[in-house]
Structure formats: C-alpha cells, structure tokens
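Fair warning: this is a prediction, and the values are worked out from it, not measured in the lab. Worth knowing before you read on, the calculation uses all heavy atoms, side chains too, and leaves out hydrogens, waters and symmetry mates.
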Amino acid sequence: SQRSHESRLCFHRVLPPHFASFVSEHALTPPPKSSFLSLEIFLSFGKLWDLVVWVLSFLLFCWQGFTFPYPDGAYETEFALLFIYLLIEPPRLFLGSKGNKTLTSGPLYASIVLAAYVLFMHIYYVAGQTFITRCDYAINVISIVFVSAQSLLALTQAVEVSRTLR
C-alpha cells in the first residue's frame, strides 16, 4: 500500500502542469444526476393505465354509438380521436422513458410536446364530447392528472439534465 501511494505521487509529478490542473479541476465535478425513479414509475404505470383507458373508452364508444343519437359526423370524429390517441401515446411514453434513462433532454421535451395533444384529447373528452358519461368523465379526469404529473416530472428532469450538461 505504501508503494502504490508512492507510485501515485510519482505519476502526478510526471504529468504536465496544465494537465494536472485540468484533472484536479474536473475530478471534483459531480457526476450527472441519475434518472428520476418517480418519472420512470409514472411512465411504467402510464403504459398500463393507457391500456385500461383505451379498452374502456373503446367499449364505451361502441355502447354510446348504439345507445345515443349522435349528430352526423360527431361519432366518427370522436371515435377517430381514440385511434389517434393510440398512435401518439406509446411514442410519448417511450420518448419520456428514453430521455429519462439516457439523461438526454431532447426526448423529454418531445414527450412533453406530445403530452400537449394527449391532454387536449382528455380535456375534450371531459368537456367537449357529444355525450359524456360518468365513466368517461372519471377515466379522463384521472388521465389528465396522470399525464400532467408525468409531464411535470419530465420537464423537471429535462431542466435538470440541461443544467448538468452546461
């Protein structure tokens, strides 16, 4: 152990002065912050919740289509939004998880942008849908809270990653 300590001292004597100052300056820099566990948990449960939301919404739309007298074009538009949701939500969750795990802010910001559409869709289903059942209302309010929490955590992580990289 005494010999290894001496060899380290000799090694530092051999280093050029500008390199030694660089090493000592950056040796004390904290490593980048790790991924947010809470964001990853919210995104993982978000995948399960989205499956439940989509299946329940699909079944509700089928039932509503047979039960209620929709105006021309309204049923098709609202039903189509459900399939657009299916195209946007999985990439949003993937980008959020990727940005969180790799500590890159780009995918996190892209996930937040996609969350804006998802939030719009849930708000539409709560306030603007032609026929709003209690089940629709409950599912979409829970989803609004869930997507908002995921977006806030993603924004917090993106800002933290941006600060760390500076």
Side-chain angles (χ1 to χ4, degrees), residues 26 28-166:
H26 291 289
L28 301 175
T29 330
K33 188 166 175 45
S34 64
S35 62
F36 278 3
L37 180 60
S38 55
L39 174 58
E40 203 57 43
I41 290 171
F42 266 85
L43 293 171
S44 294
F45 282 117
K47 293 173 188 173
L48 297 173
W49 176 249
D50 287 339
L51 178 65
V52 170
V53 166
W54 197 88
V55 169
L56 285 176
S57 296
F58 180 82
L59 293 173
L60 278 168
F61 269 118
C62 291
W63 173 74
Q64 288 173 347
F66 290 115
T67 307
F68 299 119
Y70 273 87
D72 290 338
Y75 179 73
E76 293 81 9
T77 303
E78 291 176 1
F79 202 71
L81 283 176
L82 190 61
F83 286 94
I84 294 171
Y85 173 80
L86 190 60
L87 294 174
I88 292 176
E89 185 64 1
R92 180 188 77 82
L93 293 171
F94 172 77
L95 287 169
S97 182
K98 179 182 177 186
N100 187 36
K101 290 176 185 172
T102 60
L103 297 175
T104 51
S105 58
L108 289 166
Y109 286 126
S111 174
I112 294 166
V113 168
L114 291 175
Y117 171 78
V118 173
L119 282 172
F120 162 76
M121 191 214 66
H122 287 301
I123 291 169
Y124 173 78
Y125 282 144
V126 166
Q129 189 177 0
T130 306
F131 296 105
I132 304 168
T133 63
R134 287 185 183 135
C135 190
D136 278 325
Y137 186 81
I139 289 170
N140 287 294
V141 166
I142 292 168
S143 294
I144 289 169
V145 171
F146 211 47
V147 172
S148 297
Q150 290 170 340
S151 299
L152 287 174
L153 287 170
L155 181 62
T156 303
Q157 178 70 333
V159 168
E160 188 68 33
V161 166
S162 297
R163 284 186 188 161
T164 305
L165 294 177
R166 286 183 186 172

Nearest 0.5 Å, please: how far is CZ in Arg92 from OG in Ser97? 11.5 Å
So OG of Ser111 and CG of Leu43: to nearest 0.5 Å the spacing works out to 6.5 Å
Asp50 vs Tyr85, test: side-chain contact (heavy atoms from CB on, under 4.5 Å). Steps then yes/no. CA-CA 10 Å; Asp50 287 339; Tyr85 173 80; 2.7 Å; yes
How long is the span from the OG1 atom in Thr133 to the CD1 atom in Ile139, to the nearest 0.5 Å? 7.5 Å
So does Tyr137 have more than 12 non-hydrogen atoms from other groups sitting under 6.0 Å from OH? no
When you compare the side chain of Trp49 with that of Ile142, does any pair of heavy atoms fall below 4.5 Å? yes
Mind listing the closest non-hydrogen atom pair of Leu153 and Ser38 along with its distance? CD2-OG, 3.8 Å
Does the Asn140 side chain pair with the main chain of Asp136, one donor and one acceptor, at a distance under 3.5 Å? yes
Backbone N or O of Glu78 within a donor-acceptor pair of the Tyr125 side chain at under 3.5 Å? yes
Residues, nucleotides or ligands: over 12 heavy atoms within 6.0 Å of Phe45 CZ: no
Under 3.5 Å, is there a donor-acceptor pair between the side chain of Thr164 and the main chain of Glu160? yes
Give me the atom names and distance for the closest heavy-atom approach of Ile88 to Pro91. O-CD, 3.2 Å
Using the rule given for side-chain contact (heavy atoms from CB on, under 4.5 Å), can you reason through Phe36 versus Leu103, listing the C-alpha separation, both sets of side-chain angles and the distance that settles it, and then say yes or no? CA-CA 9 Å; Phe36 278 3; Leu103 297 175; over 6 Å; no
Taking atom OH of Tyr75 and atom CD of Gln129, what is their separation to the nearest 0.5 Å? 10.5 Å
When rounded to the nearest 0.5 Å, the distance separating OG of Ser143 from CD1 of Ile123 is 11.5 Å
Nearest heavy-atom contact between Ser162 and Tyr109 is OG-OH, 3.8 Å
For Leu152, is there any backbone N or O sitting under 3.5 Å from a side-chain donor or acceptor partner on Thr156? yes
Please round to the nearest 0.5 Å and tell me the distance separating atom CG of Asn100 and atom NZ of Lys98. 13.0 Å
Smallest heavy-atom separation, Leu108 atom then Gly96 atom, equals CD2-O, 3.5 Å
Can you confirm whether Gln150 sits close enough to Leu93 that some side-chain heavy atom of one is under 4.5 Å from a side-chain heavy atom of the other? yes
After noting the C-alpha distance and the side-chain angles of Cys135 and Trp63, does the key distance pass the side-chain contact (heavy atoms from CB on, under 4.5 Å) rule? CA-CA 12 Å; Cys135 190; Trp63 173 74; over 6 Å; no
In terms of heavy-atom contacts, Val161 and Ser105 come closest through CG1-N, 3.9 Å
Quick one: list whatever passes side chain to side chain contact (heavy atoms under 4.5 Å, CB included) with Leu119, sequence neighbours left out. Ile144, Val147, Ser148
May I ask you to test the Phe42-Ser151 pair for a side-chain heavy-atom distance under 4.5 Å? no
Closest heavy-atom contact between Leu95 and Pro107? O-CB, 3.3 Å
Parallel, tilted or perpendicular: rings of Phe58 and Phe79 (30°, 60°): tilted
Is the closest side-chain heavy-atom distance between Phe68 and Thr130 below 4.5 Å? no
Quick one, Val53 with Glu89, criterion side-chain contact (heavy atoms from CB on, under 4.5 Å). Give me CA distance, side-chain angles, the key distance, then yes/no. CA-CA 11 Å; Val53 166; Glu89 185 64 1; over 6 Å; no
Assess the residue pair Trp54 and Phe61 against the criterion (ring-ring contact (aromatic ring centres under 6.0 Å, His included)); give the C-alpha distance rounded to whole Å, side-chain angles, the decisive distance to 0.1 Å, and a yes or no. CA-CA 10 Å; Trp54 197 88; Phe61 269 118; 9.9 Å; no
